[in-house]
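Here's the structure, in structure tokens; my notes come after.
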Amino acid sequence: MNSITNKPVAVACDHGGLQLAGAILAHLEENNIPAEFYGTHTAESCDYPDFAVQVTDAVTSGKSELGILVCGTGIGMSIAANKVRGIRAAVCGDTFSAEMTRRHNNANVLCLGQRVTGEGLALKIADIFLESPFEGGRHATRVEKLEK
Ligand code: RB5
């Protein structure tokens, strides 16, 4: 697979997403996609907003164009990430949504739930998210309205 960005994919998780985040990092490495991992590094209970902000900082600063956040459901991470101006985070549990949220919403953060989505499907969702371009046009007008 190829990513639409040459910048490192920013990845973070809480304890509920630790295993899937590890699988995603290994998968990106196998595919020569650069990644930056911001933790958490252990199974010790932690607070997902503390890790969501690492990825949103990476994206809003321009260090990364795309990020992936993993928690138990993906929902806490998405709520946290979407509080940040310029972040468009989408929880995806299927490949169609992953493609459409890139093509239509220009989503820049993918949120996954380790306790919801099996690893094989989650890796495919990540691939499609990273490969799919934003279509622009009428969708750009709508995305611009999100930022106002
Ligand atoms: C942690 O138990 C869990 O609440 C967290 O990973 C996430 O699912 C929150 O949305």
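When a ligand or atom number is given, it counts from 1 through the structure's own listing order.
- Within the 4.0 Å cut-off (strictly below), no protein heavy atom is located near atom 4 (O) of ligand 1.
- For atom 1 (C) of ligand 1, the nearest protein heavy atom (residue, atom name, distance) is His15 NE2, 3.5 Å.
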Return a table of donor-acceptor pairs under 3.5 angstrom between the side chains of residues 86-93 and protein atoms on other chains or two or more places apart.
| residue | atom | partner | partner atom | Å |
| --- | --- | --- | --- | --- |
| Arg88 | NE | Asn105 | O | 3.2 |
| Arg88 | NE | Asn106 | O | 2.9 |
| Arg88 | NH1 | Glu147 | OE2 | 3.1 |
| Arg88 | NH2 | Asn106 | O | 3.0 |

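- Ligand 1 lies nowhere less than 4.0 angstrom from a heavy atom belonging to Met77.
- Here is the list of ligand 1 atoms found below 4.0 Å of a heavy atom in Gly72: 5 (C), 6 (O), 7 (C), 8 (O).
- Heavy-atom separations between Arg115 and ligand 1 include at least one value shorter than 4.0 Å.
- For atom 7 (C) of ligand 1, the candidate residues are Ser78, Ala52, Gly17, Cys71; the nearest heavy-atom contact is made by Cys71.
- Looking at Gly76 next to ligand 1, an N or O pair under 3.5 Å apart turns up.
- A donor-acceptor pair under 3.5 Å is formed between the side chain of Thr60 and the backbone N or O of Thr56.
- Atom CZ in Phe129 sits 9.5 Å away from atom OG in Ser3 (nearest 0.5 Å).
- Taking 4.5 Å as the limit, every side-chain heavy atom of Leu69 sits out of range of all side-chain heavy atoms of Phe51.
- Atoms OG and CG, on Ser64 and Asn6 in that order, are 12.0 Å from each other to the nearest 0.5 Å.
- Put simply, CG on Leu112 and CD1 on Ile24 are 5.0 Å apart, with the number rounded to the nearest 0.5 Å.
- Nearest non-hydrogen protein atom to atom 6 (O) of ligand 1 is Asp14 OD2, 2.6 Å.
- Considering only heavy atoms from C-beta on, Leu20 comes within 4.5 Å of Glu119 through its side chain.
- Between Tyr48 and ligand 1, not a single N/O pair is under 3.5 Å apart.
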